[in-house]
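Structure, as C-alpha coordinates:
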Number of protein chains: 2
Amino acid sequence: MATRSGRSQRRTEALSRERIVTAAIELLDAAGESGLTFRVLTERLATGPGAIYWHVANKGELVGAATEAVITAALATAPADSPRAEIRAVALGLFEAIEQHPWLATQLSAQLSGNPWGAVTPRIFECVGRQIRALDVPEQDWFTATSALVHYILGAAGQNAANAQVAGSESDRAEFLANAQAEWDRLDPGEYSFLRAVAGQMREHDDREQFLAGIDLVLAGVHALRPKG
Amino acid sequence: MATRSGRSQRRTEALSRERIVTAAIELLDAAGESGLTFRVLTERLATGPGAIYWHVANKGELVGAATEAVITAALATAPADSPRAEIRAVALGLFEAIEQHPWLATQLSAQLSGNPWGAVTPRIFECVGRQIRALDVPEQDWFTATSALVHYILGAAGQNAANAQVAGSESDRAEFLANAQAEWDRLDPGEYSFLRAVAGQMREHDDREQFLAGIDLVLAGVHALRPKG
DNA sequence: ACCTGAACACCGTTCAAGT
DNA sequence: ACCTGAACACCGTTCAAGT
(Lines give C-alpha, C1' and ligand atoms only; values in the text may rest on other atoms or scores of the structure.)
Protein backbone atom coordinates (compact mmCIF):
# COMPACT_ATOMS: atom_id res chain seq x y z
CA MET A 1 0.00 0.00 0.00
CA ALA A 2 2.28 2.71 1.27
CA THR A 3 4.83 3.90 -1.26
CA ARG A 4 8.34 4.24 0.06
CA SER A 5 8.70 8.00 -0.13
CA GLY A 6 6.21 10.67 -1.14
CA ARG A 7 8.51 13.05 -2.90
CA SER A 8 11.21 11.33 -4.84
CA GLN A 9 9.73 8.87 -7.26
CA ARG A 10 11.46 7.54 -10.31
CA ARG A 11 14.96 9.03 -10.35
CA THR A 12 15.12 8.19 -14.05
CA GLU A 13 16.98 11.33 -15.15
CA ALA A 14 20.68 11.53 -14.37
CA LEU A 15 21.92 14.06 -11.86
CA SER A 16 23.33 17.30 -13.25
CA ARG A 17 24.35 20.70 -11.96
CA GLU A 18 21.30 22.16 -13.61
CA ARG A 19 18.88 19.75 -11.94
CA ILE A 20 20.52 20.42 -8.59
CA VAL A 21 20.23 24.16 -9.01
CA THR A 22 16.59 23.87 -10.04
CA ALA A 23 15.79 21.81 -6.96
CA ALA A 24 17.70 24.28 -4.80
CA ILE A 25 15.62 27.17 -6.14
CA GLU A 26 12.43 25.29 -5.34
CA LEU A 27 13.55 24.69 -1.77
CA LEU A 28 14.66 28.30 -1.33
CA ASP A 29 11.32 29.54 -2.64
CA ALA A 30 9.41 27.21 -0.36
CA ALA A 31 11.19 27.89 2.90
CA GLY A 32 13.90 30.51 2.50
CA GLU A 33 17.61 30.19 3.01
CA SER A 34 17.28 27.92 6.04
CA GLY A 35 15.00 25.62 4.07
CA LEU A 36 17.81 24.67 1.71
CA THR A 37 19.56 21.76 3.34
CA PHE A 38 21.75 19.04 1.91
CA ARG A 39 19.58 16.46 3.68
CA VAL A 40 16.31 17.52 2.06
CA LEU A 41 18.04 18.30 -1.24
CA THR A 42 19.53 14.84 -1.14
CA GLU A 43 16.15 13.31 -0.40
CA ARG A 44 14.33 15.19 -3.14
CA LEU A 45 16.93 14.24 -5.72
CA ALA A 46 17.10 10.69 -4.38
CA THR A 47 20.87 10.63 -3.93
CA GLY A 48 23.56 11.04 -1.33
CA PRO A 49 25.45 14.20 -0.42
CA GLY A 50 28.55 12.97 -2.25
CA ALA A 51 26.68 13.05 -5.54
CA ILE A 52 25.81 16.71 -5.06
CA TYR A 53 29.37 17.59 -4.10
CA TRP A 54 30.50 16.06 -7.33
CA HIS A 55 28.63 18.77 -9.28
CA VAL A 56 28.91 21.67 -6.85
CA ALA A 57 31.77 22.83 -4.62
CA ASN A 58 29.72 23.73 -1.54
CA LYS A 59 26.54 25.35 -0.33
CA GLY A 60 27.73 28.88 -1.01
CA GLU A 61 28.41 28.09 -4.63
CA LEU A 62 25.05 26.37 -4.90
CA VAL A 63 23.13 29.40 -3.63
CA GLY A 64 25.28 31.58 -5.88
CA ALA A 65 24.35 29.47 -8.89
CA ALA A 66 20.68 29.65 -7.94
CA THR A 67 20.93 33.43 -7.70
CA GLU A 68 22.67 33.64 -11.03
CA ALA A 69 20.06 31.51 -12.77
CA VAL A 70 17.15 33.59 -11.53
CA ILE A 71 18.77 36.99 -12.07
CA THR A 72 19.99 36.13 -15.55
CA ALA A 73 16.42 35.36 -16.55
CA ALA A 74 15.18 38.56 -14.92
CA LEU A 75 17.71 40.75 -16.73
CA ALA A 76 16.68 39.40 -20.13
CA THR A 77 14.04 42.06 -20.77
CA ALA A 78 12.84 43.21 -24.17
CA PRO A 79 14.78 46.28 -25.30
CA ALA A 80 12.80 49.49 -24.76
CA ASP A 81 12.93 52.64 -26.85
CA SER A 82 14.60 55.02 -24.40
CA PRO A 83 17.25 54.69 -21.70
CA ARG A 84 14.71 55.80 -19.14
CA ALA A 85 12.20 53.17 -20.22
CA GLU A 86 14.95 50.58 -20.25
CA ILE A 87 15.96 51.43 -16.70
CA ARG A 88 12.38 51.16 -15.55
CA ALA A 89 12.04 47.79 -17.29
CA VAL A 90 15.22 46.40 -15.73
CA ALA A 91 14.20 47.73 -12.32
CA LEU A 92 10.75 46.17 -12.58
CA GLY A 93 12.27 42.89 -13.74
CA LEU A 94 14.46 42.76 -10.64
CA PHE A 95 11.56 43.90 -8.48
CA GLU A 96 9.43 41.01 -9.65
CA ALA A 97 12.22 38.47 -9.41
CA ILE A 98 12.85 39.44 -5.80
CA GLU A 99 9.12 39.42 -5.11
CA GLN A 100 8.86 35.84 -6.34
CA HIS A 101 12.14 34.71 -4.76
CA PRO A 102 12.47 36.72 -1.54
CA TRP A 103 15.71 34.97 -0.55
CA LEU A 104 17.33 36.92 -3.40
CA ALA A 105 17.22 40.12 -1.34
CA THR A 106 19.65 38.90 1.31
CA GLN A 107 21.71 37.03 -1.24
CA LEU A 108 22.20 40.00 -3.55
CA SER A 109 23.12 42.35 -0.75
CA ALA A 110 25.60 39.77 0.51
CA GLN A 111 27.09 39.56 -2.97
CA LEU A 112 27.29 43.35 -3.16
CA SER A 113 29.11 43.19 0.16
CA GLY A 114 31.78 41.00 -1.28
CA ASN A 115 30.48 37.46 -0.89
CA PRO A 116 32.86 35.45 -3.06
CA TRP A 117 30.46 32.83 -4.44
CA GLY A 118 29.30 33.92 -7.83
CA ALA A 119 28.77 37.57 -8.61
CA VAL A 120 25.72 38.65 -10.52
CA THR A 121 26.03 42.15 -9.15
CA PRO A 122 28.57 43.23 -11.77
CA ARG A 123 26.01 42.21 -14.37
CA ILE A 124 23.32 44.30 -12.72
CA PHE A 125 25.71 47.24 -12.49
CA GLU A 126 26.64 46.88 -16.14
CA CYS A 127 23.03 46.61 -17.19
CA VAL A 128 21.93 49.74 -15.35
CA GLY A 129 25.15 51.63 -16.05
CA ARG A 130 24.79 51.32 -19.80
CA GLN A 131 21.53 53.20 -19.66
CA ILE A 132 23.02 55.89 -17.44
CA ARG A 133 25.74 56.31 -20.04
CA ALA A 134 23.06 56.58 -22.71
CA LEU A 135 21.54 59.57 -20.92
CA ASP A 136 24.04 62.35 -21.31
CA VAL A 137 25.44 62.32 -17.80
CA PRO A 138 29.01 63.60 -17.37
CA GLU A 139 31.37 60.64 -17.31
CA GLN A 140 32.67 61.51 -13.86
CA ASP A 141 29.20 60.93 -12.44
CA TRP A 142 28.54 57.55 -14.03
CA PHE A 143 29.57 55.52 -11.04
CA THR A 144 27.70 57.66 -8.52
CA ALA A 145 24.50 57.63 -10.56
CA THR A 146 24.62 53.91 -11.26
CA SER A 147 25.30 52.91 -7.71
CA ALA A 148 22.55 55.16 -6.36
CA LEU A 149 20.12 53.47 -8.73
CA VAL A 150 21.27 49.93 -8.08
CA HIS A 151 21.21 50.33 -4.31
CA TYR A 152 17.74 51.79 -4.43
CA ILE A 153 16.45 49.03 -6.70
CA LEU A 154 17.85 46.19 -4.61
CA GLY A 155 16.94 47.75 -1.28
CA ALA A 156 13.42 48.79 -2.12
CA ALA A 157 12.66 45.53 -3.92
CA GLY A 158 13.90 43.58 -0.92
CA GLN A 159 11.77 45.55 1.46
CA ASN A 160 8.73 45.02 -0.74
CA ALA A 161 9.40 41.31 -0.91
CA ALA A 162 9.43 41.12 2.88
CA ASN A 163 5.95 42.62 3.01
CA ALA A 164 4.63 40.52 0.14
CA GLN A 165 6.01 37.40 1.78
CA VAL A 166 4.20 37.94 5.04
CA ALA A 167 1.13 39.12 3.20
CA GLY A 168 0.33 36.01 1.15
CA SER A 169 -3.29 36.14 0.04
CA GLU A 170 -5.32 39.31 -0.40
CA SER A 171 -7.13 39.02 2.91
CA ASP A 172 -3.84 38.15 4.60
CA ARG A 173 -2.44 41.28 3.07
CA ALA A 174 -5.22 43.45 4.46
CA GLU A 175 -4.72 41.89 7.87
CA PHE A 176 -0.96 42.29 7.66
CA LEU A 177 -1.21 45.94 6.69
CA ALA A 178 -3.71 46.57 9.46
CA ASN A 179 -1.38 44.90 11.97
CA ALA A 180 1.62 46.80 10.70
CA GLN A 181 -0.25 50.06 10.92
CA ALA A 182 -1.52 49.23 14.38
CA GLU A 183 2.05 48.52 15.44
CA TRP A 184 3.22 51.80 13.98
CA ASP A 185 0.39 53.62 15.67
CA ARG A 186 1.56 52.11 18.96
CA LEU A 187 4.97 53.74 18.55
CA ASP A 188 5.67 56.68 20.77
CA PRO A 189 4.26 59.65 18.85
CA GLY A 190 7.02 61.97 19.94
CA GLU A 191 9.87 59.61 19.16
CA TYR A 192 8.44 58.39 15.87
CA SER A 193 6.47 61.33 14.58
CA PHE A 194 7.69 60.92 11.03
CA LEU A 195 6.93 57.20 10.75
CA ARG A 196 3.46 57.81 12.07
CA ALA A 197 2.82 60.61 9.63
CA VAL A 198 3.99 58.49 6.72
CA ALA A 199 2.21 55.29 7.73
CA GLY A 200 -1.13 56.28 6.26
CA GLN A 201 0.20 57.22 2.86
CA MET A 202 2.17 53.98 2.60
CA ARG A 203 -1.00 52.00 2.92
CA GLU A 204 -2.81 53.58 0.00
CA HIS A 205 -0.05 53.38 -2.58
CA ASP A 206 0.39 50.56 -5.03
CA ASP A 207 3.68 48.79 -4.38
CA ARG A 208 4.84 48.94 -7.96
CA GLU A 209 3.94 52.61 -8.39
CA GLN A 210 5.67 53.41 -5.13
CA PHE A 211 8.76 51.58 -6.30
CA LEU A 212 8.83 53.32 -9.67
CA ALA A 213 8.35 56.69 -7.99
CA GLY A 214 11.66 56.05 -6.23
CA ILE A 215 13.33 55.24 -9.54
CA ASP A 216 12.00 58.50 -10.96
CA LEU A 217 13.31 60.39 -7.95
CA VAL A 218 16.83 59.06 -8.42
CA LEU A 219 16.62 59.71 -12.15
CA ALA A 220 15.58 63.29 -11.40
CA GLY A 221 18.77 63.58 -9.36
CA VAL A 222 20.76 62.13 -12.24
CA HIS A 223 19.11 64.59 -14.59
CA ALA A 224 20.23 67.45 -12.36
CA LEU A 225 23.83 66.35 -12.97
CA ARG A 226 23.54 66.79 -16.69
CA PRO A 227 25.41 69.72 -18.23
CA LYS A 228 23.20 72.79 -18.22
CA GLY A 229 22.14 74.24 -21.54
CA MET B 1 53.13 26.95 35.38
CA ALA B 2 50.52 26.88 32.70
CA THR B 3 47.38 28.84 33.48
CA ARG B 4 44.18 27.04 32.74
CA SER B 5 42.91 29.10 29.83
CA GLY B 6 44.53 31.93 27.94
CA ARG B 7 41.48 34.07 27.26
CA SER B 8 39.12 34.01 30.16
CA GLN B 9 40.87 34.98 33.35
CA ARG B 10 39.18 36.09 36.49
CA ARG B 11 35.45 35.98 35.78
CA THR B 12 34.97 38.39 38.67
CA GLU B 13 32.17 40.41 37.09
CA ALA B 14 28.73 38.85 37.00
CA LEU B 15 27.23 37.93 33.65
CA SER B 16 24.76 40.39 32.18
CA ARG B 17 22.99 40.97 28.89
CA GLU B 18 25.23 43.96 28.31
CA ARG B 19 28.46 42.02 28.83
CA ILE B 20 27.19 39.30 26.51
CA VAL B 21 26.33 41.79 23.78
CA THR B 22 29.71 43.49 24.12
CA ALA B 23 31.52 40.19 23.74
CA ALA B 24 29.31 39.30 20.78
CA ILE B 25 30.24 42.56 19.03
CA GLU B 26 33.93 41.82 19.56
CA LEU B 27 33.55 38.38 18.03
CA LEU B 28 31.53 39.72 15.10
CA ASP B 29 34.15 42.39 14.45
CA ALA B 30 36.96 39.87 14.61
CA ALA B 31 35.56 37.18 12.36
CA GLY B 32 32.18 38.16 10.95
CA GLU B 33 28.84 36.49 11.41
CA SER B 34 30.24 32.98 11.29
CA GLY B 35 32.79 33.93 13.94
CA LEU B 36 30.07 34.41 16.54
CA THR B 37 29.49 31.01 18.07
CA PHE B 38 28.00 29.99 21.38
CA ARG B 39 31.06 27.83 22.01
CA VAL B 40 33.59 30.63 21.71
CA LEU B 41 31.25 33.13 23.34
CA THR B 42 30.85 30.70 26.20
CA GLU B 43 34.59 30.24 26.47
CA ARG B 44 35.37 33.94 26.40
CA LEU B 45 32.80 34.68 29.08
CA ALA B 46 33.86 31.63 31.06
CA THR B 47 30.40 30.14 31.38
CA GLY B 48 28.11 27.56 29.87
CA PRO B 49 25.54 28.04 27.11
CA GLY B 50 22.69 27.89 29.61
CA ALA B 51 23.94 31.05 31.30
CA ILE B 52 23.79 32.95 28.02
CA TYR B 53 20.32 31.65 27.25
CA TRP B 54 19.21 33.01 30.58
CA HIS B 55 19.92 36.56 29.38
CA VAL B 56 19.16 36.19 25.66
CA ALA B 57 16.45 34.26 23.83
CA ASN B 58 18.58 32.96 20.96
CA LYS B 59 21.30 33.84 18.49
CA GLY B 60 19.04 35.98 16.32
CA GLU B 61 18.11 38.18 19.22
CA LEU B 62 21.75 38.40 20.26
CA VAL B 63 22.86 39.65 16.85
CA GLY B 64 19.86 41.99 16.82
CA ALA B 65 20.91 43.44 20.17
CA ALA B 66 24.48 43.87 18.92
CA THR B 67 23.18 45.71 15.86
CA GLU B 68 20.98 47.92 17.97
CA ALA B 69 23.81 48.84 20.31
CA VAL B 70 26.14 49.88 17.51
CA ILE B 71 23.53 51.71 15.43
CA THR B 72 22.12 53.59 18.40
CA ALA B 73 25.57 54.97 19.10
CA ALA B 74 26.05 55.84 15.42
CA LEU B 75 22.78 57.74 15.19
CA ALA B 76 23.64 59.94 18.16
CA THR B 77 25.27 62.68 16.10
CA ALA B 78 25.57 66.30 17.08
CA PRO B 79 22.69 68.34 15.64
CA ALA B 80 23.71 70.27 12.54
CA ASP B 81 22.37 73.60 11.35
CA SER B 82 20.47 72.51 8.25
CA PRO B 83 18.44 69.46 7.25
CA ARG B 84 20.89 68.81 4.48
CA ALA B 85 23.88 68.94 6.82
CA GLU B 86 22.02 66.73 9.27
CA ILE B 87 21.33 64.14 6.58
CA ARG B 88 24.96 64.11 5.57
CA ALA B 89 26.01 63.71 9.21
CA VAL B 90 23.63 60.80 9.81
CA ALA B 91 24.70 59.18 6.56
CA LEU B 92 28.39 59.51 7.43
CA GLY B 93 27.72 58.16 10.91
CA LEU B 94 26.15 55.04 9.44
CA PHE B 95 28.89 54.82 6.82
CA GLU B 96 31.56 54.76 9.48
CA ALA B 97 29.69 52.34 11.73
CA ILE B 98 29.35 49.89 8.87
CA GLU B 99 32.98 50.43 7.93
CA GLN B 100 34.09 49.47 11.43
CA HIS B 101 31.56 46.66 11.81
CA PRO B 102 31.12 45.17 8.34
CA TRP B 103 28.71 42.49 9.57
CA LEU B 104 26.19 45.33 10.00
CA ALA B 105 25.66 45.50 6.25
CA THR B 106 24.12 42.06 5.94
CA GLN B 107 22.35 42.42 9.24
CA LEU B 108 20.68 45.72 8.40
CA SER B 109 19.55 44.57 4.99
CA ALA B 110 18.13 41.43 6.60
CA GLN B 111 16.26 43.60 9.08
CA LEU B 112 14.95 45.78 6.28
CA SER B 113 13.78 42.58 4.64
CA GLY B 114 11.66 41.72 7.63
CA ASN B 115 13.99 39.82 9.95
CA PRO B 116 12.01 39.73 13.18
CA TRP B 117 14.81 40.04 15.72
CA GLY B 118 15.12 43.62 16.77
CA ALA B 119 14.45 46.40 14.35
CA VAL B 120 16.71 49.38 14.20
CA THR B 121 15.61 50.17 10.68
CA PRO B 122 12.50 52.08 11.81
CA ARG B 123 14.84 54.28 13.83
CA ILE B 124 17.01 54.92 10.80
CA PHE B 125 13.93 55.70 8.72
CA GLU B 126 12.63 58.07 11.34
CA CYS B 127 15.97 59.79 11.68
CA VAL B 128 16.37 60.41 7.95
CA GLY B 129 12.67 61.06 7.37
CA ARG B 130 12.56 63.93 9.84
CA GLN B 131 15.11 65.81 7.81
CA ILE B 132 13.25 65.12 4.60
CA ARG B 133 10.18 66.60 6.23
CA ALA B 134 12.24 69.61 7.25
CA LEU B 135 13.08 70.30 3.62
CA ASP B 136 9.85 71.43 2.05
CA VAL B 137 9.06 68.27 0.15
CA PRO B 138 5.36 67.60 -0.60
CA GLU B 139 4.01 65.24 2.02
CA GLN B 140 3.01 62.66 -0.57
CA ASP B 141 6.68 62.23 -1.49
CA TRP B 142 8.05 61.78 2.02
CA PHE B 143 8.10 58.03 1.93
CA THR B 144 9.61 57.79 -1.54
CA ALA B 145 12.34 60.29 -0.73
CA THR B 146 13.21 58.75 2.60
CA SER B 147 13.37 55.22 1.32
CA ALA B 148 15.52 56.22 -1.65
CA LEU B 149 17.96 57.84 0.74
CA VAL B 150 17.99 55.03 3.28
CA HIS B 151 18.48 52.33 0.66
CA TYR B 152 21.32 54.24 -0.92
CA ILE B 153 23.02 54.85 2.44
CA LEU B 154 22.83 51.25 3.60
CA GLY B 155 23.71 49.78 0.21
CA ALA B 156 26.63 52.02 -0.60
CA ALA B 157 28.03 51.85 2.93
CA GLY B 158 27.86 48.07 2.80
CA GLN B 159 29.65 47.92 -0.49
CA ASN B 160 32.36 50.22 0.81
CA ALA B 161 32.78 48.10 3.91
CA ALA B 162 33.34 45.04 1.76
CA ASN B 163 36.22 46.78 0.00
CA ALA B 164 37.67 48.23 3.20
CA GLN B 165 37.50 44.82 4.83
CA VAL B 166 39.54 43.08 2.18
CA ALA B 167 41.84 46.06 1.96
CA GLY B 168 43.16 46.15 5.53
CA SER B 169 46.41 48.11 5.59
CA GLU B 170 47.39 50.78 3.10
CA SER B 171 49.65 48.55 1.05
CA ASP B 172 47.04 45.82 1.16
CA ARG B 173 44.59 48.35 -0.15
CA ALA B 174 46.81 49.25 -3.09
CA GLU B 175 47.26 45.59 -3.88
CA PHE B 176 43.56 44.93 -3.52
CA LEU B 177 42.61 47.77 -5.82
CA ALA B 178 45.19 46.65 -8.35
CA ASN B 179 43.82 43.12 -8.25
CA ALA B 180 40.24 44.31 -8.52
CA GLN B 181 41.12 46.49 -11.47
CA ALA B 182 43.06 43.68 -13.10
CA GLU B 183 40.04 41.46 -12.69
CA TRP B 184 37.76 44.09 -14.19
CA ASP B 185 40.17 44.57 -17.05
CA ARG B 186 39.95 40.86 -17.71
CA LEU B 187 36.20 41.09 -18.26
CA ASP B 188 35.00 40.79 -21.80
CA PRO B 189 35.23 44.35 -23.14
CA GLY B 190 32.09 43.98 -25.21
CA GLU B 191 29.97 42.46 -22.51
CA TYR B 192 31.17 44.75 -19.74
CA SER B 193 32.01 47.96 -21.55
CA PHE B 194 30.44 50.16 -18.89
CA LEU B 195 32.18 48.53 -15.94
CA ARG B 196 35.50 48.84 -17.72
CA ALA B 197 34.92 52.48 -18.50
CA VAL B 198 34.02 53.25 -14.91
CA ALA B 199 36.79 51.19 -13.29
CA GLY B 200 39.42 53.86 -13.65
CA GLN B 201 37.42 56.66 -12.12
CA MET B 202 36.45 54.49 -9.17
CA ARG B 203 40.05 54.03 -8.25
CA GLU B 204 40.89 57.70 -7.98
CA HIS B 205 37.98 58.81 -5.87
CA ASP B 206 38.02 59.06 -2.12
CA ASP B 207 35.51 56.61 -0.64
CA ARG B 208 33.85 59.15 1.59
CA GLU B 209 33.57 61.77 -1.14
CA GLN B 210 32.18 59.18 -3.49
CA PHE B 211 29.61 58.18 -0.91
CA LEU B 212 28.55 61.76 -0.19
CA ALA B 213 28.26 62.45 -3.91
CA GLY B 214 25.58 59.78 -4.01
CA ILE B 215 23.75 61.43 -1.11
CA ASP B 216 23.86 64.71 -3.00
CA LEU B 217 22.51 63.03 -6.11
CA VAL B 218 19.51 61.65 -4.27
CA LEU B 219 18.98 64.99 -2.54
CA ALA B 220 19.01 66.68 -5.95
CA GLY B 221 16.22 64.31 -6.94
CA VAL B 222 14.34 65.18 -3.77
CA HIS B 223 14.84 68.86 -4.50
CA ALA B 224 13.28 68.37 -7.93
CA LEU B 225 10.11 67.20 -6.17
CA ARG B 226 9.70 70.44 -4.29
CA PRO B 227 6.89 72.73 -5.37
CA LYS B 228 8.13 75.08 -8.05
CA GLY B 229 8.29 78.77 -7.29
C1' DA C 1 33.38 9.76 -14.66
C1' DC C 2 29.84 9.56 -11.53
C1' DC C 3 27.55 8.03 -7.45
C1' DT C 4 26.83 5.76 -2.52
C1' DG C 5 26.41 6.31 2.32
C1' DA C 6 28.66 6.05 6.68
C1' DA C 7 31.33 9.09 9.42
C1' DC C 8 33.29 13.63 11.26
C1' DA C 9 33.44 18.03 13.34
C1' DC C 10 30.58 21.54 14.53
C1' DC C 11 26.45 24.11 15.33
C1' DG C 12 22.22 26.24 18.17
C1' DT C 13 19.37 24.90 21.79
C1' DT C 14 17.38 22.39 25.89
C1' DC C 15 16.96 21.02 30.53
C1' DA C 16 17.54 18.63 34.87
C1' DA C 17 20.37 19.80 38.39
C1' DG C 18 22.83 22.79 41.32
C1' DT C 19 23.55 27.35 44.23
C1' DA D 1 17.23 34.36 40.36
C1' DC D 2 21.09 32.87 38.11
C1' DC D 3 24.30 29.50 36.50
C1' DT D 4 26.34 24.60 35.19
C1' DG D 5 27.30 21.27 31.73
C1' DA D 6 25.91 17.08 29.60
C1' DA D 7 22.90 15.84 25.95
C1' DC D 8 20.04 16.34 21.58
C1' DA D 9 18.93 17.14 16.92
C1' DC D 10 20.77 18.94 13.04
C1' DC D 11 24.06 20.94 9.94
C1' DG D 12 27.85 21.13 5.93
C1' DT D 13 31.44 18.39 4.35
C1' DT D 14 34.66 14.37 3.52
C1' DC D 15 36.10 10.11 1.71
C1' DA D 16 36.85 5.23 1.01
C1' DA D 17 34.35 2.31 -1.65
C1' DG D 18 31.59 0.96 -5.39
C1' DT D 19 29.99 1.05 -10.62
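First the proteins, then the strands, lettered A, B, ... as listed; each starts at 1.
- Classification of A:R130 and A:E86 as a salt-bridged pair fails, no side-chain N sitting under 4.0 Å from a carboxylate O.
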Practice task
Convert the base pairs of DNA chain C into dot-bracket notation, remembering that pairs crossing earlier ones are written with [ ] and that bases paired across to another strand are shown as |; include only Watson-Crick or G-U pairs under 3.5 Å.
Solution key: ||.|||||...|||||.||
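- The distance from atom CZ of A:R196 to atom CG of A:D188, rounded to the nearest 0.5 Å, is 8.5 Å.
- Candidate nucleotides C:dT13, C:dC2, C:dG12 were compared by shortest atom distance to the side chain of B:T37, and C:dG12 ranks first.
- The residue A:L36 sits close only to the backbone: its heavy atoms come under 4.0 Å of sugar-phosphate atoms, none of a base.
- Closest contact between the side chain of B:T47 and the listed nucleotides D:dC3, C:dT13, D:dG12 involves D:dC3.
- Note on B:H55: every side-chain N or O is 4.0 Å or more away from OP1 and OP2 of D:dA1.
- Counting heavy atoms from C-beta outward, B:E204 and B:Q210 have side chains that stay 4.5 Å or more apart.
- B:Y53 places its OH atom 17 Å from the P atom of D:dG5, with the value rounded to the nearest Å.
- Heavy-atom nearest nucleotides on DNA chain D were determined for A:N58 and for B:S16, and the one closer to the 5' end corresponds to B:S16.
- A residue-by-residue look at A:R39 and A:I52 shows that A:I52 has its nearest nucleotide of DNA chain C further toward the 5' end.
- You'll find that the side chain of B:A51 is closest to D:dC3, out of C:dC3, D:dC3, D:dG12.
- Set against D:dT13, D:dC11, C:dG12, the side chain of B:F38 has C:dG12 as its closest nucleotide.
- When the P atom of D:dC2 is taken as reference, atom CD1 of B:I20 falls 12 Å away, rounded to whole Å.
- Separating the NZ atom of A:K59 from the C1' atom of C:dC11 is a distance of 12 Å, rounded to the nearest angstrom.
- In the model, B:H101 has no side-chain atom that pairs as donor or acceptor with a side-chain atom of B:Q107 under 3.5 Å.
- Between B:W54 and D:dC3 there is no side-chain N or O to OP1 or OP2 distance below 4.0 Å.
- Counting heavy atoms from C-beta outward, B:L212 and B:F95 have side chains that stay 4.5 Å or more apart.
- B:I25 has its side chain out of reach of B:T22: every pair of non-hydrogen atoms, C-beta onward, lies at least 4.5 Å apart.
- If you take CG of A:L41 and P of D:dC11, they are 12 Å apart, rounded to a whole angstrom.
- Taking atom CD of A:E43 as the reference point, atom P of C:dG5 lies 13 Å away to the nearest angstrom.
- The nearest whole Å value for the distance from the CG atom in A:L15 to the P atom in C:dA1 is 17 Å.
- Note that CD of A:E96 is 9.5 Å distant from CZ of A:F211, once rounded to the nearest 0.5 Å.
- Checking D:dG12, C:dT4, D:dG5 against every side-chain atom of B:P49, the shortest atom distance belongs to D:dG5.
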